[in-house]
Every structure is written in structure tokens, then in C-alpha cells.
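This report concerns only the one structure given below.
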Amino acid sequence: MTVGQARAWERHWPRLGREVTELPPGPVDMAGWFGREAPVLLEIGSGMGETTARLAEAAPELNYLAVEVYPPGLAQLMMRAEELGLSNLRLLRGDAVVLLERHVPAGSLHGVRIFYPDPWPKKKHHKRRLVQPSFVALVASRLEPGGRVHLATDWADYADQMLEVLSAEPLLRNVYDGWAPRPSWRPLTKFESRAEEAGRVSRDLIFERR
């Protein structure tokens, strides 16, 4: 971590963050942690937090929960949250699958967002990709009726895999006929801009819990 990130961690983590491995058994008390009852939106893989902070700021009516494994990214997100004065953002460090399996009740999430997960571009590594049938089934089971899962990637073969896997999940239906239009509310990050410069086209998918 940078000096600034370390200071942000020391200052804000006790209030804003938790380790998935240290959560008590059973569901996370979201209302108690956020200090209010509100729909919970889970973002998996918040990276350095550029998009996450701006989306949380744009949706004060949501309890915005970000899960990420990379401590400097979480620290950077806390710095951004402090700058924006966010009160509706909480952070978890650890495995999203463990979080969903052990600490998130069925039918409890308003939405799930997964933007630009690791593409593992080599074919022999494709099995490491997050978006697989068992994972999508888990996510779908945690959504409330009408809740949405929104994915985005700039790797064409991963986008095709995402579409195939999501379309095969019986609990979900595609909100659009194929790819979703890029939403105007999703910030254009440096990461996405670099992908476009490299000739990679971003694809969005939005599916809804039946």
C-alpha cells in the first residue's frame, strides 16, 4: 500500500470493512452494519474503486456492498469514499463465493454487478474464470425476484461464455435480446478506455431473476 492507502485503511477499515474469513456464522446483519434498512447491491471485484465509488454516490438509496481480495484497491476505495462523503458503502475482503454461500441469504440481494472480472485469457486457464454455471446459479439464488445481475467484459470469448452460461440458468432471463446497451450511468474508466484503444469492445449483459 502507499502511505495514503495505509492511512485510509487504519482510519476507515474498522467501520467500513470486514474480512470474509472473520465474519460470524450466518447472514451478515446488513441493516445493523449500514445503520438502516435499504436494498443491498453487491459488487464483486471492485478493483481500485473508481467505478464503485461513483456508482455508490449515484445511488444513495442503496446499501452498496463491495467485495474484493486486493487490499490496496479496498484502501483506495475508502479514500474515494471519504472524498465523496459516502455513507452507503461497505467493503468486504475475501472470496465472493464464500460470502454468497455462507453469509448472504437466498432472495436477499437487489442486484449483483461484476464489471471486468479477470479474463484468464489463456485457454488452459479458462476454468479459473469466475463466471461458470455453478457460480451463476449461486448468484441467481441470492437475488430477490426481479433483482438483476449485470456483467461487463472486454474479452470477446469471455463475453460469449457469459452469455451462454447466464442464458442456461433457469432462474434468470435476459432483459435484452442478446447484449445489453452500454448503460450511460456506468462510468467510463481508464481501464475501459485502454481496452478500446487496444481494439477490444466492451459487452454488457443484464439478466433478471424470474
Handout entry: Over all atoms of both residues, closest heavy-atom pair of Arg129 and Gln161
Key = NH1-OE1, 3.0 Å
Practice task
Flag the pair Glu208 and Arg148 as a salt bridge only when some basic side-chain nitrogen lies within less than 4.0 angstrom of an acidic carboxylate oxygen.
Solution key: yes
Practice task
Establish, yes or no, whether the cationic atom of Arg90 lies under 6.0 Å from the six-membered ring centre of Tyr64 and within 45° of the ring axis.
Solution key: no
Exercise for the section: Report, as yes or no, whether the 6.0 Å neighbourhood of atom CZ on Arg173 holds more than 12 heavy atoms from other residues, nucleotides or ligands. Expected result: yes
Problem - Met162 side, atom CE; Trp179 side, atom CH2 - distance, nearest 0.5 Å - result: 9.0 Å
Handout entry: Considering all heavy atoms, the nearest Asn174-Ile206 contact
Key = OD1-O, 3.3 Å
Handout entry: Val98 and Thr21, any side-chain heavy atoms less than 4.5 Å apart
Key = no
Handout entry: Test salt bridge (Lys or Arg N to Asp or Glu O under 4.0 Å) applied to Arg113 and Glu43, step by step
Key = CA-CA 5 Å; Arg113 291 173 178 166; Glu43 183 177 330; 5.6 Å; no
Exercise for the section: Indicate yes or no for a side-chain donor-acceptor contact from Asp154 to the backbone of Ala195 under 3.5 Å, with no hydrogens or angles considered. Expected result: no
Exercise for the section: Verify, without hydrogens or angle tests, whether Arg210 (side chain) and Leu172 (backbone) share a donor-acceptor contact under 3.5 angstrom. Expected result: yes
Exercise for the section: Answer yes or no: is there a donor N or O on one side and an acceptor on the other, between the side chain of Glu68 and the main chain of Ser46, under 3.5 Å? Expected result: yes
Practice task
Apply side-chain contact (heavy atoms from CB on, under 4.5 Å) to Trp155 and Asp160, showing your working.
Solution key: CA-CA 9 Å; Trp155 286 86; Asp160 290 338; over 6 Å; no
Practice task
May I ask you to check whether Thr51 and Tyr116 show a side-chain donor-acceptor distance below 3.5 Å?
Solution key: no
Practice task
Quick one: pull up CD in Glu50 and CZ in Arg80 and give me the separation to the nearest 0.5 Å.
Solution key: 5.5 Å
Handout entry: Minimum side-chain heavy-atom gap Leu23-Val28 below 4.5 Å
Key = yes
Completion exercise
Here the pair of heavy atoms bringing Leu143 nearest to Gly111 is CD2-CA, 3.8 Å
Practice task
Ignoring hydrogens and angles, state whether a donor on the side chain of Asn63 or Arg36 is under 3.5 Å from an acceptor on the partner side chain.
Solution key: yes
Exercise for the section: Return yes when atom CD of Glu10 has more than 12 non-hydrogen atoms of other residues, nucleotides or ligands closer than 6.0 Å, and no otherwise. Expected result: no
Exercise for the section: Step through the shown structure and confirm whether more than 12 heavy atoms of other residues, nucleotides or ligands are within 6.0 Å of CD on Glu37. Expected result: no
Practice task
Would you indicate whether the side-chain heavy atoms of His110 and Val40 approach each other to under 4.5 Å?
Solution key: no
Exercise for the section: Before accepting this row, confirm whether a basic side-chain N of the pair Arg182/Glu192 lies closer than 4.0 Å to the acidic partner's carboxylate O. Expected result: yes
Practice task
Examine Val149 and Leu62 and state if one hydrophobic cluster contains both, with Ile, Leu, Val, Met, Phe, Trp and Tyr joined whenever side-chain heavy atoms are less than 4.5 Å apart.
Solution key: no
Problem - Any side-chain heavy-atom pair of Val136 and Phe207 under 4.5 Å - result: no
Problem - Partner of Leu151 under side chain to side chain contact (heavy atoms under 4.5 Å, CB included), chosen from Leu130, Val112, Val131 - result: Val131
Problem - ILVMFWY cluster, Leu86 and Phe34 together (side-chain gap under 4.5 Å) - result: no
Fill in the blank from the handout: Rounded to the nearest 0.5 angstrom, the CG-CG distance for Leu109 and Leu100 is 7.0 Å
Exercise for the section: Rounded to the nearest 0.5 Å, what's the gap from CG on Leu41 to CG on Asn88? Could you check? Expected result: 10.5 Å
Problem - Cluster check Leu92, Leu138: I/L/V/M/F/W/Y, side chain < 4.5 angstrom - result: yes
Exercise for the section: Anything under 30° is parallel, anything over 60° is perpendicular, the rest tilted; go ahead and classify Trp185 against His150. Expected result: perpendicular
Exercise for the section: Can you establish whether the number of heavy atoms outside Glu164 located under 6.0 Å from its atom CD is more than 12? Expected result: no
Exercise for the section: Please confirm whether the backbone N or O of Leu171 pairs with a side-chain atom of Glu169, one donor and one acceptor, at under 3.5 Å? Expected result: yes
Handout entry: Minimal non-hydrogen separation, Arg142 against Val104, with atom names
Key = NE-O, 3.0 Å
Handout entry: Cluster check Leu16, Leu99: I/L/V/M/F/W/Y, side chain < 4.5 angstrom
Key = no
Practice task
Would you name the heavy atoms of Leu91 and Leu65 that are closest together and state the gap between them?
Solution key: N-CD1, 4.4 Å
Handout entry: Distance (rounded to the nearest 0.5 Å) between Arg128 CZ and Asp118 CG
Key = 9.5 Å
Problem - From CA spacing to verdict: salt bridge (Lys or Arg N to Asp or Glu O under 4.0 Å), Asp204, Arg186 - result: CA-CA 10 Å; Asp204 285 75; Arg186 181 158 60 78; 2.6 Å; yes
Practice task
For the pair Arg200 (side chain) and Glu197 (backbone), establish whether a donor and an acceptor sit closer than 3.5 Å, ignoring hydrogens and angles.
Solution key: no
Exercise for the section: In plain terms, say whether Lys123 and Asp157 are close enough for a salt bridge, that is, a side-chain N and a carboxylate O under 4.0 Å apart. Expected result: no
Problem - Qualifying residue for side chain to side chain contact (heavy atoms under 4.5 Å, CB included) with Trp9, from Met79, Gln76, Met1 - result: Met1
Problem - In one Ile/Leu/Val/Met/Phe/Trp/Tyr side-chain cluster, 4.5 Å: Leu77, Leu42 - result: no
Exercise for the section: Walk me through it: do Arg18 and Trp33 pass the test side-chain contact (heavy atoms from CB on, under 4.5 Å)? Expected result: CA-CA 10 Å; Arg18 295 181 182 176; Trp33 193 14; 3.6 Å; yes
Problem - Side chain His103, main chain Pro27, donor-acceptor under 3.5 Å - result: no
Practice task
Mind checking the CG-CZ spacing from Leu55 to Phe115? Nearest 0.5 Å is all I need.
Solution key: 6.0 Å
Practice task
Identify the heavy atoms of Ala81 and Leu89 that sit nearest to each other, and give their distance.
Solution key: CB-CD2, 4.0 Å
Exercise for the section: May I ask you to test the Lys127-Trp120 pair for a side-chain heavy-atom distance under 4.5 Å? Expected result: no
Practice task
Using the six-membered ring of Trp13, assess whether NZ or CZ of Arg93 lies under 6.0 Å from its centre and within 45 degrees of the ring axis.
Solution key: no
